[in-house]
There are 2 protein chains.
Amino acid sequence: MNFEEIIANVELHFLTLTDECRRDLKKVSKIMTLERETLLVKEGQLADKTYFIAKGSARAFYLKDDKDITDWFAFENNFINSINSFFLHIPSPHFIEVLEPSILLEISRENIDLLSDRYQEFDRLGKIAITKTLLQLQQRVVSIQFETAQQKYENILQIRPDITQRVALTHIASYLGITLETLSRIRNPKKRI
Amino acid sequence: MNFEEIIANVELHFLTLTDECRRDLKKVSKIMTLERETLLVKEGQLADKTYFIAKGSARAFYLKDDKDITDWFAFENNFINSINSFFLHIPSPHFIEVLEPSILLEISRENIDLLSDRYQEFDRLGKIAITKTLLQLQQRVVSIQFETAQQKYENILQIRPDITQRVALTHIASYLGITLETLSRIRNPKKRI
DNA sequence: CGCCGAGTTGAACTGAATCAAGAAACGTGG
DNA sequence: CCACGTTTCTTGATTCAGTTCAACTCGGCG
């Protein structure tokens, strides 16, 4: 997968860029091909990069009392970064891990800022990405707060039917805010007598 | 409170505008002085306005099985709108209600879009507002998911110590995703024998 | 093979919900 | 300024969804 193909996907899912902007973007971004379980960001680092997932998937997670809690999944044609670190310029509370063999496009905040100043369209692209994430998070709050474990699971299946094939159940459980055991019971409902 | 004072607060909490942009903003925005319990948005409406709260407070809520669930609070120097309706151009699932006697600045999406096209700074202002909201929502997900009712309450008190003086406990409870009864017990811990 | 991590199953426990009264605070009109 | 009704909040008893802890199964891989 080359730069042009990847950018075509960015433009398809966000917005079209001018040739000039696209050319500058190419200069400052880097294609990465990664194994599963590669860590893109470690807790404590300044995570001033954003990644576009051209192929594969990744998750952001943190350790709470030594338990691994998944906070966010990202799949192909979406961006992922460590939002607190990226936007607030603080050490990352999150790890970011690639979940499958993946192809990513990496861009630094510095270059994002430069491109956003130079090209209003690029600034817009960022705004759209943030807005989409905001709306997803909003949905998630409602889901976490007022749905049963079962409904939350059905919900994520609806949004991403292939998730159970692509992501370990442990991660799905912690993302949903339920235990692995509960998730397992939901998936294998005991026969009532 | 006049337009200039309100805009000074917007600029203080978000970013400084050029005189030209400020002048155009004045032309298209409207100051509203409202009683408590005024509805700014009703469920089902196209809510294509955004409000800056110069003074007072408001909440977004929805009805789930006839129960009133508060989804978001906004206080002075913040924006509020019905995010789903505003960004996706769909009928609002939310109501928005003013909680205290308030002074608001109202701007339509149409004008926001016009100003965002004309002034990169104004576009940025929007991006900053969205980003701040995103980070707050992110915090909220963590809080809802892994804190006890007690911790959630202490949490909100830390962020907004005066909330219990300004907002009905019922609304705080539903915002935290707990029942009014549980909130009451947390606030009045029974003496252990 | 035999081990190891991932997932499953079982039983006991618990934090918060629900249901049901009651008390306080609030406001409005006599 | 008091009486009454309404809304808001408190308290108690019971129930339940989901957690916890512990043991077991299964599939892959060295």
Side-chain angles (χ1 to χ4, degrees), chain A residues 35-37 39 57 59 61 63-70 73 97 99-101 141-157 162-193, chain B residues 35-39 57 59 61 63-70 73 97-101 141-157 162-193:
Chain A
E35 301 290 298
R36 68 193 290 273
E37 297 190 17
L39 285 179
S57 55
R59 69 179 182 119
F61 67 102
L63 300 179
K64 185 189 170 75
D65 314 329
D66 282 336
K67 271 176 304 179
D68 171 321
I69 309 285
T70 297
F73 290 118
E97 178 191 48
L99 293 172
E100 302 172 302
V141 167
V142 173
S143 167
I144 293 171
Q145 210 158 23
F146 295 106
E147 291 180 355
T148 62
Q150 166 121 355
Q151 289 172 319
K152 288 186 229 173
Y153 177 63
E154 284 165 2
N155 223 51
I156 203 175
L157 276 189
D162 57 348
I163 195 166
T164 54
Q165 277 70 256
R166 301 178 64 180
V167 176
L169 292 183
T170 324
H171 300 151
I172 297 174
S174 73
Y175 177 78
L176 296 178
I178 63 181
T179 58
L180 174 61
E181 292 93 325
T182 298
L183 179 56
S184 178
R185 287 185 238 273
I186 288 165
R187 287 163 49 82
N188 307 298
K190 185 172 47 184
K191 297 257 166 55
R192 319 202 100 259
I193 304 160
Chain B
E35 302 289 298
R36 68 193 291 274
E37 298 190 17
T38 309
L39 284 179
S57 54
R59 69 181 182 118
F61 67 102
L63 300 178
K64 184 190 169 76
D65 313 329
D66 281 338
K67 270 175 305 181
D68 170 324
I69 309 284
T70 297
F73 289 118
E97 178 192 46
V98 168
L99 294 171
E100 302 171 302
V141 168
V142 174
S143 168
I144 292 172
Q145 210 158 23
F146 294 107
E147 292 179 354
T148 61
Q150 167 121 354
Q151 289 171 318
K152 288 187 230 173
Y153 178 62
E154 285 165 3
N155 223 50
I156 204 174
L157 276 190
D162 56 349
I163 195 166
T164 53
Q165 277 70 258
R166 301 178 64 182
V167 176
L169 292 184
T170 324
H171 301 151
I172 298 174
S174 74
Y175 177 77
L176 296 178
I178 64 181
T179 58
L180 175 61
E181 293 92 324
T182 298
L183 179 57
S184 178
R185 286 183 239 274
I186 288 165
R187 286 163 50 83
N188 308 297
K190 186 173 46 185
K191 296 257 166 56
R192 318 201 102 260
I193 305 159

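In what follows, chains are A, B, ... by sequence order, proteins preceding strands, each numbered from 1. Values reported hereafter were calculated over all heavy atoms of this structure, with side chains retained and with hydrogens, waters and symmetry mates removed.
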*Ion pair B:Arg36/B:Glu100, N-O distance below 4.0 Å*: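 The answer is no: the pair does not qualify as a salt bridge.
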
Would you kindly give the [atom1]-to-[atom2] distance between [X] and [N], to the nearest whole Å?
X        : N      : atom1 : atom2 : value
A:His171 : C:dA6  : NE2   : C1'   : 11 Å
B:Glu37  : D:dT8  : CD    : P     : 8 Å
A:Leu176 : D:dA17 : CG    : P     : 18 Å
B:Ile172 : D:dC9  : CD1   : C1'   : 12 Å
A:Ile144 : C:dA16 : CD1   : C1'   : 17 Å
A:Leu169 : D:dC26 : CG    : C1'   : 14 Å
B:Asn188 : C:dA23 : CG    : P     : 16 Å
B:Ile178 : D:dT10 : CD1   : P     : 12 Å

*Just how large is the angle between the end axes of the helix from C:dC1-D:dG30 to C:dG30-D:dC1, five pairs per end, to 10 degrees?*
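So the angle between the two local helix axes works out to 30°.
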
_Return whichever of A:Lys67 or B:Ala168 has its heavy-atom-nearest nucleotide of DNA chain D closer to the 5' end._
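The answer here is B:Ala168.
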
*Who passes side chain to side chain donor-acceptor pair (under 3.5 Å) against B:Asp162, sequence neighbours left out?*
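Counting only residues at least two positions away or on another chain, B:Asp162 forms a side chain to side chain donor-acceptor pair (under 3.5 Å) with B:Arg166.
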
*Go through the N and O atoms of the side chain of B:Arg185 and the base of C:dT18, and report whether any donor-acceptor pair is under 3.5 Å.*
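Under the 3.5 Å cut-off, the side chain and the base do form a donor-acceptor pair.
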
*asked:* Any N or O donor-acceptor pair under 3.5 Å from the base of D:dC9 to the side chain of B:Glu181?
replied: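 Per atom types, no contact qualifies.
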
*Distance-minimising heavy-atom pair for A:Phe61 and A:Thr70*: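 Heavy atoms of A:Phe61 and A:Thr70 come nearest at CB-CA, 3.8 Å.
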
_According to side-chain contact (heavy atoms from CB on, under 4.5 Å), who are the partners of B:Ser143, at least two apart in sequence or on a separate chain?_
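Testing B:Ser143 for side-chain contact (heavy atoms from CB on, under 4.5 Å), a comparison that skips the adjacent residues, returns B:Glu147, B:Lys152, B:Asn155.
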
*Tell me yes or no: between the side chains of A:Tyr153 and A:Arg187, is some donor less than 3.5 Å from an acceptor?*
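Judged by distance alone, the side chains do pair up.
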
